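Computed from a prediction, not measured in an experiment: that's the story for all the values here.
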Amino acid sequence: MRNLRLDICYDGTRYRGWQRQPGVENTIQGKLETALSRILEEPIEIYGSGRTDAGVHALHQVASFHCESTMPAEELLAQLRHYLPDDIGILDCKDASPRFHARYNAIRKTYRYRIWNSAEPCVFERRFVTVVEEELDIPAMQAAARHFLGTHDFSSFCNHKSSKKSGNRQIHALNVTQEGNYLDITVTGNGFLRNMVRIIAGTLLEVGQGKRDPDSIPELFEGVRAEAGFLAPAQGLSLVEVDY
């Protein structure tokens, strides 16, 4: 049986997230599995590197799946590009080693949370940014971001966390950068809890708004959800890269 890897990008605006759900047709995984099953004429189940929430985008998502078909990867790539909707793109399709698994072999992921920090209209990219009109204290946000580096219990930065799973995650890099009206919060880690990046972004925004002190961040680790910042809107978040 063959094992194939897909490299994918998508605009998550109109989807209910990555994960296939009972009774819900509009998911990225569901669209891909439907297209693959139709093209290859066999039931296909795919595994993504991680689950993105409803409304979240991906510049580079990775998935893998097994199949019996001998269709060349190049032909499958062309067929997928033909049948998938315009807001789901296949960057690459290739045969992978038998043991490759898009989720279990991932060693780190990078997400970007993009903010349009201006009162000027953001007409053409409004689906991919969160608008914050007020001026933000960027140096304070950068100072707060440094406290996230390393391994911590991020349970307070998670919604609906399972009590059976550890909240420990390692953050390799967290940068707050501004270029023109764009403010990017870019975070790389070995794994992320549900909504973790969006809550980190909300917490940093509260620092930028003067609602939190940058040095108060360590107090949030091993705390409870209510102590961390708000859940930032989904449309500002994109999965940027997955490393193996």
Side-chain angles (χ1 to χ4, degrees), residues 12 17-19 47-58 60-62 101-115 130 132 136-177 183-244:
W18 166 269
Q19 188 179 11
Y47 302 92
S49 69
R51 303 167 182 172
T52 51
D53 298 333
V56 173
H57 319 290
H60 194 170
Q61 169 71 288
V62 179
H101 193 287
R103 178 183 176 189
Y104 297 132
N105 292 145
I107 58 174
R108 60 183 165 265
K109 300 171 191 171
T110 299
Y111 284 88
R112 182 193 69 200
Y113 196 88
R114 174 157 282 186
I115 297 154
T130 291
V132 178
L136 297 170
D137 186 341
I138 307 304
M141 295 175 69
Q142 293 169 333
R146 290 192 283 271
H147 290 294
F148 287 95
L149 300 178
T151 301
H152 306 284
D153 183 346
F154 284 92
S155 296
S156 59
F157 293 85
C158 173
N159 284 331
H160 312 296
K161 177 183 171 294
S162 169
S163 59
K164 298 180 181 179
K165 295 183 179 180
S166 170
N168 288 341
R169 296 294 186 273
Q170 182 180 13
I171 299 300
H172 303 293
L174 203 170
N175 297 305
V176 180
T177 57
L183 176 64
D184 288 343
I185 298 170
T186 307
V187 55
T188 300
N190 67 347
F192 296 92
L193 303 171
R194 183 175 181 183
N195 298 149
M196 178 173 155
V197 179
R198 290 168 61 191
I199 297 170
I200 289 175
T203 304
L204 290 175
L205 279 171
E206 290 179 357
V207 171
Q209 293 165 336
K211 298 176 181 178
R212 288 180 183 271
D213 187 278
D215 293 328
S216 68
I217 300 301
E219 301 171 5
L220 303 177
F221 301 128
E222 302 184 29
V224 297
R225 171 67 192 94
E227 295 173 351
F230 72 98
L231 178 66
Q235 75 267 15
L237 183 61
S238 296
L239 173 60
V240 174
E241 191 62 80
V242 184
D243 295 318
Y244 293 92

Check ring pair (Phe, Tyr, Trp, His ring centres under 6.0 Å) between Y111 and all other residues, then give those that pass, not counting sequence neighbours. F192
Where do D137 and M141 land on the side chain to side chain contact (heavy atoms under 4.5 Å, CB included) test, with the steps shown first? CA-CA 6 Å; D137 186 341; M141 295 175 69; 5.7 Å; no
Looking just at side-chain N and O atoms, do T177 and N175 make a donor-acceptor pair shorter than 3.5 Å? no
Hey, mind stepping through L220 and S156 against side chain to side chain contact (heavy atoms under 4.5 Å, CB included) and telling me if it holds? CA-CA 7 Å; L220 303 177; S156 59; 4.2 Å; yes
Which heavy atom in V207 sits nearest to a heavy atom in P214, and how many Å separate them? CG1-CG, 4.0 Å
At what distance, to the nearest 0.5 angstrom, does CG of L205 lie from CG of L136? 6.0 Å
Is there any ring pair (Phe, Tyr, Trp, His ring centres under 6.0 Å) pair reaching into residues 197-217, and which pairs are they, with sequence neighbours excluded? none
Roughly how far apart are I199 CD1 and L193 CG, rounded to 0.5 Å? 9.0 Å
Heavy-atom count around R225 CZ within 6.0 Å, excluding the residue itself: above 12? yes
Residue pair G48 / R103: nearest heavy atoms and the distance that separates them: O-CB, 3.3 Å
Is any side-chain heavy atom of M196 closer than 4.5 Å to one of C158? no
List the steps and the verdict of side chain to side chain contact (heavy atoms under 4.5 Å, CB included) for L237 and V197. CA-CA 8 Å; L237 183 61; V197 179; 3.6 Å; yes
Rounded to the nearest 0.5 Å, the OG1 atom of T130 sits from the OH atom of Y113 at a distance of 2.5 Å
Could you tell me whether the side chain of L183 reaches within less than 4.5 Å of the side chain of I138, counting heavy atoms only? yes
Would you indicate whether the side-chain heavy atoms of T186 and V240 approach each other to under 4.5 Å? no
My understanding is that only residues two or more places apart in sequence, or in another chain, count here; which of them pass ring pair (Phe, Tyr, Trp, His ring centres under 6.0 Å) with H60? none
When rounded to the nearest 0.5 Å, the distance separating OG1 of T188 from CD1 of I171 is 8.5 Å
Those residues that, when tested against Y47, pass ring pair (Phe, Tyr, Trp, His ring centres under 6.0 Å) (two or more places apart): H101
Which residues pass the side-chain hydrogen bond (donor to acceptor under 3.5 Å, both in side chains) test with N190, sequence neighbours left out? none
So F157 and F221, would you call those rings parallel, tilted or perpendicular, with 30° and 60° as cut-offs? tilted
side-chain hydrogen bond (donor to acceptor under 3.5 Å, both in side chains) partners for S49, two or more places apart: Q61
Heavy atoms only: give me the nearest G202-A232 pair and the separation to one decimal. N-CB, 4.0 Å
Given side chain to side chain contact (heavy atoms under 4.5 Å, CB included), test R108 with V242 step by step and report yes or no. CA-CA 6 Å; R108 60 183 165 265; V242 184; over 6 Å; no
Spacing of CG belonging to L239 relative to NE2 belonging to H57, to within rounding of 0.5 Å: 12.0 Å
Please report the closest heavy-atom contact between L204 and A144, naming both atoms and the distance. CD2-CB, 3.7 Å
Identify whether the distance between the nearest side-chain nitrogen and carboxylate oxygen of D153 and R169 falls below 4.0 Å. no
Donor-acceptor pair, distance only, cut-off 3.5 Å: does the side chain of R212 make one with the backbone of A228? yes
If I take atom CG from residue L174 and atom CZ from residue F148, how far apart are they, to the nearest 0.5 angstrom? 6.5 Å
If you take the centroid of each ring, where Trp contributes its six-membered ring, are Y244 and Y104 closer together than 6.0 Å? no
